[in-house]
2 protein chains.
Amino acid sequence: MKTVPLHNAKKPAVACNNCSLSELCLPRGLNSEELELLENSINKTVKIKKKDYLFHRDDKQHAIFAVKAGAIKTSLSTPDGEEQILGFYLPGDLLGFDAFSRDRHTCDAQALDDTLVCELSMDNFQELCGMLPVMRGQMMRQIGAEIEREQMLLLTLGQMRTEERLATFLSSLAERNKERGFSSTEFNLPMARHDLANYLGMAVETLSRMFSRLQEEKIIAVQHRLVKIEDPNRLKQLAHHTCRPASDAL
Amino acid sequence: MKTVPLHNAKKPAVACNNCSLSELCLPRGLNSEELELLENSINKTVKIKKKDYLFHRDDKQHAIFAVKAGAIKTSLSTPDGEEQILGFYLPGDLLGFDAFSRDRHTCDAQALDDTLVCELSMDNFQELCGMLPVMRGQMMRQIGAEIEREQMLLLTLGQMRTEERLATFLSSLAERNKERGFSSTEFNLPMARHDLANYLGMAVETLSRMFSRLQEEKIIAVQHRLVKIEDPNRLKQLAHHTCRPASDAL
DNA sequence: ACAGCGTTTTGATTTACATCAAGAAACCAT
DNA sequence: ATGGTTTCTTGATGTAAATCAAAACGCTGT
């Protein structure tokens, strides 16, 4: 890839200012009284250092989380140390719903960077569910979204070639950013190549080459972690497999 | 693969005699009165012809199903006709839980063979949930099992080479059969090579070669759809990635 | 500023897998 | 049974992606 020194490649801020748990979790359907109730139930905002874990597989679920800044990855590991990243959670995303069916987490969650999450303890959550029927529906929808995300990833890993996989990923990241009110054509990748390659089931070198190829094809421009989408249509076309609007996380 | 004409390769029966929905869904925790209630709620046993669909993506969920004989595959398809098989449901398995979060199915379900399912309508199911709190927990556990299955498949598709993928599949099928009281060393594959290859994210030819290779390595013996596991330990060793007891379906 | 270390990119080579093509076995209807 | 169709296996070849190796870049601390 051609390397143009880019001194002004400042990281755009990625903190999510309007992402209190209440807004994220229940965008509508609550009156102000209920909203206050929810706000008061949020225990605290927690700071997690880069590479620290938010939870481990088989941990008892004690809370659900909303990412406010930074990024979290969830992953599955084998006894012999191989891992498969299952998803990335960016500012505005909720996580912890993986544990809902058996009360223990099904995967590990690790911070990719210094990260801020606010947490709603399970006790409070259960209590809220009792008081606010909407809450239960919202929870189910979250679980459903996760299932669909994973199914899309299966399609990606099982059927696409590497270039298409990257195109799909970038396309849905752009979509997500748009929904969140960020730029859908220019953004920073919150994860290292290493992690993205793992997520997309390919070698780091291959991933790097695919970035370069998309750049050669004038579809994107890459400066390290900064991505500009030059031709959204051709990108979408490459990612033709996606059959449904992107859900929340990645 | 060497071909030894095998005239006695009769299909073992695959019907599941002890798989009434009540037993499957709620193995324990119900008194006889409640059990009767559940049995009475089961609408009917439905026969589905090979290649017919049990439900389509975005269909409104009207029931949950228990496979009594035959086999069902669930899959996701892209606009351009490519598909990714997400799971196989064999006698004794429950399906339909994919729709729980948004009341519409997230994938297609198609019979791989003439298939018998018994169905519990959603109306009855909801009613039962109201009367039997256990039911709700059971539902959540089913959803959780599906999520874990999908996560395991992600690990398989993302990290394993083709031989390992097949070994993993055979290993978990054996495990499943064992749990169901069938032989874990000799069984019929309920699906065509075509479908299995798609599920495992490889070409049919590659799958065939991997069957042959495992046979050359004296790990299994294959006669068309009939598989004998000769060396379960070496099979498990190849499928080293599996990190947790197999859940219900595949 | 610089040195030092981890990350990312690029190049050369190997390899696992897909594809193409053809034969063998299984399935099906008559 | 018989022929025809489909499914499965095998072989030959091509190619996408992994691996190996090294250089360029970016980040951190002094």
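Computation of the quantities below employed the complete heavy-atom set of this structure, encompassing side-chain atoms and omitting hydrogens, waters and symmetry-equivalent molecules. Chain letters run A, B, ... following the sequence lines, proteins first, then strands; residues in each count from 1.
Salt-bridge formation is detected for the pair A/Asp195/A/Lys73: a Lys NZ or Arg NE/NH1/NH2 atom is positioned less than 4.0 Å from an Asp or Glu carboxylate oxygen.
The CD-C1' distance, from A/Gln215 to C/dT9, rounds to 11 Å in whole Å. To the nearest angstrom, C1' of D/dT7 lies 13 Å from CZ of B/Phe211. The nearest whole Å value for the distance from the CG atom in B/Leu166 to the C1' atom in C/dC17 is 15 Å. Rounded to a whole Å, the CG atom of B/Leu189 is 16 Å from the P atom of D/dT7. The distance from atom CG of B/Asn198 to atom P of C/dA18 is 12 Å, rounded to the nearest whole Å. Whole-Å rounding puts the A/Gln223 CD to C/dT8 P distance at 14 Å. What separates CZ of B/Arg193 from P of D/dT7 is a distance of 13 Å, to the nearest Å. A/Gln159 places its CD atom 14 Å from the C1' atom of C/dC17, with the value rounded to the nearest Å.
Residues satisfying the ring-ring contact (aromatic ring centres under 6.0 Å, His included) test with A/Phe55, not counting sequence neighbours, are A/His105. Residues satisfying the salt bridge (charged side-chain N to carboxylate O under 4.0 Å, His left out) test with B/Arg213, not counting sequence neighbours, are B/Glu163. Evaluation of the salt bridge (charged side-chain N to carboxylate O under 4.0 Å, His left out) rule for A/Glu205 yields no partner, not counting sequence neighbours. Annotation: side chain to side chain donor-acceptor pair (under 3.5 Å) contacts of B/Thr206 (sequence neighbours excluded): none. Taking B/His194 as the reference, nothing meets the ring-ring contact (aromatic ring centres under 6.0 Å, His included) condition, with sequence neighbours excluded. Take B/Asp231 and apply the salt bridge (charged side-chain N to carboxylate O under 4.0 Å, His left out) test, not counting sequence neighbours, and it matches B/Arg234. Residues passing the side chain to side chain donor-acceptor pair (under 3.5 Å) test with A/Ser184: none are found, sequence neighbours excluded.
For C/dA26, neither phosphate oxygen OP1 nor OP2 lies less than 4.0 angstrom from any side-chain nitrogen or oxygen of B/Arg225.
Cation-pi check for A/Arg193 over A/Phe211 is met; the charged atom lies under 6.0 angstrom from the ring centroid and within 45 degrees of its normal.
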Protein N or O to nucleotides 16-18 of chain D N or O, pairs below 3.5 Å:
| from | atom 1 | to | atom 2 | distance (Å) |
| --- | --- | --- | --- | --- |
| D/dA17 | OP1 | A/Thr162 | N | 2.8 |
| D/dA17 | OP2 | A/Thr162 | OG1 | 2.9 |
| D/dA18 | OP1 | A/Ala203 | N | 3.4 |
| D/dA18 | OP2 | A/Ala203 | N | 3.3 |
| D/dA18 | OP2 | A/Thr206 | OG1 | 2.2 |

Between protein and nucleotides 3-6 of chain D, what N or O pairs are separated by less than 3.5 Å?
none

